[in-house]
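Residue indices begin at 1 and follow the sequence shown. Note that the structure is a prediction, hence the values are computed from the model and not measured.
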Amino acid sequence: QVQLVESGGGLVQAGDSLRLSCAASGRQINAYAIGWFRQAPGKEREFVAGITWNGGSTRYIDSVKGRFTVSRDNAIKTVYLQMNSLKPEDTAVYYCAASGRLGAVLLDQSTGRGWYDYWGQGTQVTVSS
């Protein structure tokens, strides 16, 4: 069993930065790719960024490229999402999710929610204009 707990959300102004953390527990968690998703009110949950189990590869959606950075520290079983130059449209509940599937993050289709088996409870990010 894998458990994920997000933290670091909050209320910030446009242009500010936040760093989200995803603390993981469970057997062999370091073998899992981790994805960050977000869900704004009235919208579908969407993939934002992901990182492979060893941190060797990352993926981002176009709207966050150059602003968000995903990283992981397997020694402490934590994955981070550094968010800079935040915009009001980044406002959402942010979730981290773990995938043990081959090709997660690497394949284009792996941005789908069905690729991820374990989810955190989410953390709210609100960006005011």
Side-chain angles (χ1 to χ4, degrees):
Q1 188 72 6
V2 172
Q3 292 184 324
L4 305 171
V5 179
E6 303 94 337
S7 61
L11 171 62
V12 297
Q13 293 187 331
D16 285 350
S17 298
L18 277 176
R19 189 177 77 161
L20 305 184
S21 298
C22 173
S25 61
R27 294 181 62 186
Q28 299 181 325
I29 183 60
N30 290 342
Y32 284 75
I34 299 294
W36 284 98
F37 290 73
R38 66 186 179 187
Q39 187 166 18
K43 294 189 176 181
E44 294 288 320
R45 191 174 299 186
E46 66 170 347
F47 176 89
V48 175
I51 188 166
T52 53
W53 70 274
N54 63 354
S57 295
T58 56
R59 176 184 289 269
Y60 302 91
I61 57 173
D62 287 344
S63 61
V64 307
K65 284 181 180 178
R67 299 189 298 123
F68 289 13
T69 302
V70 59
S71 61
R72 67 190 297 162
D73 185 343
N74 282 348
I76 58 172
K77 299 181 180 180
T78 301
V79 178
Y80 304 100
L81 184 66
Q82 177 68 42
M83 305 186 296
N84 298 329
S85 302
L86 283 162
K87 304 176 181 180
E89 51 264 42
D90 294 318
T91 295
V93 177
Y94 283 71
Y95 301 87
C96 63
S99 174
R101 300 170 193 263
L102 186 66
V105 175
L106 297 173
L107 301 176
D108 290 345
Q109 59 265 39
S110 69
T111 58
R113 292 177 58 179
W115 275 70
Y116 293 82
D117 305 300
Y118 302 98
W119 292 81
Q121 83 290 347
T123 185
Q124 177 71 46
V125 172
T126 303
V127 184
S128 63
S129 58

- Query: Atom CZ in Arg113, atom CD in Glu46: separation rounded to 0.5 Å?
  - Reply: 11.5 Å
- Okay, side chain of Arg72, backbone of Thr52: is any donor-acceptor separation there less than 3.5 Å? yes
- Geometric class of the Tyr118/Tyr32 ring pair [parallel <30°, tilted 30-60°, perpendicular >60°]: perpendicular
- Please name all residues satisfying side chain to side chain donor-acceptor pair (under 3.5 Å) with Ser71, sequence neighbours left out, ordered by chain then number. none
- Query: In terms of hydrophobic clusters joined by side-chain contacts under 4.5 Å, are Tyr60 and Tyr116 together?
  - Reply: yes
- Side-chain donor/acceptor of Ser110 to backbone N/O of Val105, under 3.5 Å: yes
- Message: Rounded to the nearest 0.5 Å, what separates atom CD1 in Ile34 from atom OH in Tyr80?
- Response: 13.0 Å
- May I have the step-by-step check of side-chain contact (heavy atoms from CB on, under 4.5 Å) for Gln28 and Trp53, ending in yes or no? CA-CA 10 Å; Gln28 299 181 325; Trp53 70 274; over 6 Å; no
- Query: Is the number of heavy atoms from other residues, nucleotides or ligands within 6.0 Å of CD1 (Ile76) greater than 12?
  - Reply: yes
- Heavy-atom distance under 4.5 Å between the side chains of Leu20 and Met83, does that happen here? yes
- Message: Taking atom CH2 as the centre, does Trp115 end up with more than 12 heavy-atom neighbours from other residues, nucleotides or ligands that are less than 6.0 angstrom away?
- Response: yes
- Have a look at Arg38 and tell me which of Asp90, Thr123, Val125, Thr91 forms a side chain to side chain contact (heavy atoms under 4.5 Å, CB included) with it. Asp90
- Note on the structure: When rounded to the nearest 0.5 Å, the distance separating CG of Asn54 from CG of Asn74 is 8.0 Å
- Is the gap between the ring centers of Tyr95 and Phe37 under 6.0 Å? no
- Take atom CD in Gln109; do more than 12 heavy atoms of anything else shown fall under 6.0 Å from it? yes
- Query: According to a 4.5 Å side-chain heavy-atom criterion applied to Ile, Leu, Val, Met, Phe, Trp and Tyr, with indirect links allowed, do Ile61 and Leu107 form part of one hydrophobic cluster?
  - Reply: yes
- Task: Check the side chains of Asp73 and Thr78 for a donor-acceptor pair under 3.5 angstrom, ignoring hydrogens and angles.
- Result: no
- Whether over 12 other heavy atoms sit under 6.0 Å from Glu89 CD: yes
- Examine Phe68 and Val70 and state if one hydrophobic cluster contains both, with Ile, Leu, Val, Met, Phe, Trp and Tyr joined whenever side-chain heavy atoms are less than 4.5 Å apart. yes
- Message: Would you say that Thr111 contacts Arg59 through its side chain, given a criterion of any heavy-atom pair below 4.5 Å between the two side chains?
- Response: yes
- Query: Shared ILVMFWY cluster between Ile51 and Phe47, side chains joined below 4.5 angstrom?
  - Reply: yes
- So, the side chain of Glu6 versus the backbone of Gly122: is there a donor-acceptor pair under 3.5 Å, distance only? yes
- Any side-chain donor-acceptor pair under 3.5 Å between Gln82 and Asn84? yes
- Item | Closest heavy-atom pair and its distance - Ala24, Leu4 | CB-CD2, 3.6 Å
- Drop me the distance from Asp117's CG to Gln1's CD, to the nearest 0.5 angstrom. 10.5 Å
- Say you draw a straight line from CZ of Arg67 to OG of Ser85; how long is it, rounded to the nearest 0.5 Å? 7.0 Å
- Query: Under a 4.5 Å cut-off applied to non-hydrogen side-chain atoms, are Gln39 and Glu44 in contact?
  - Reply: no
- Return the minimal non-hydrogen interatomic distance between Gln124 and Val93, and the atom names on each side. OE1-CG2, 3.2 Å
- Say you draw a straight line from CH2 of Trp36 to CG of Leu81; how long is it, rounded to the nearest 0.5 Å? 6.0 Å
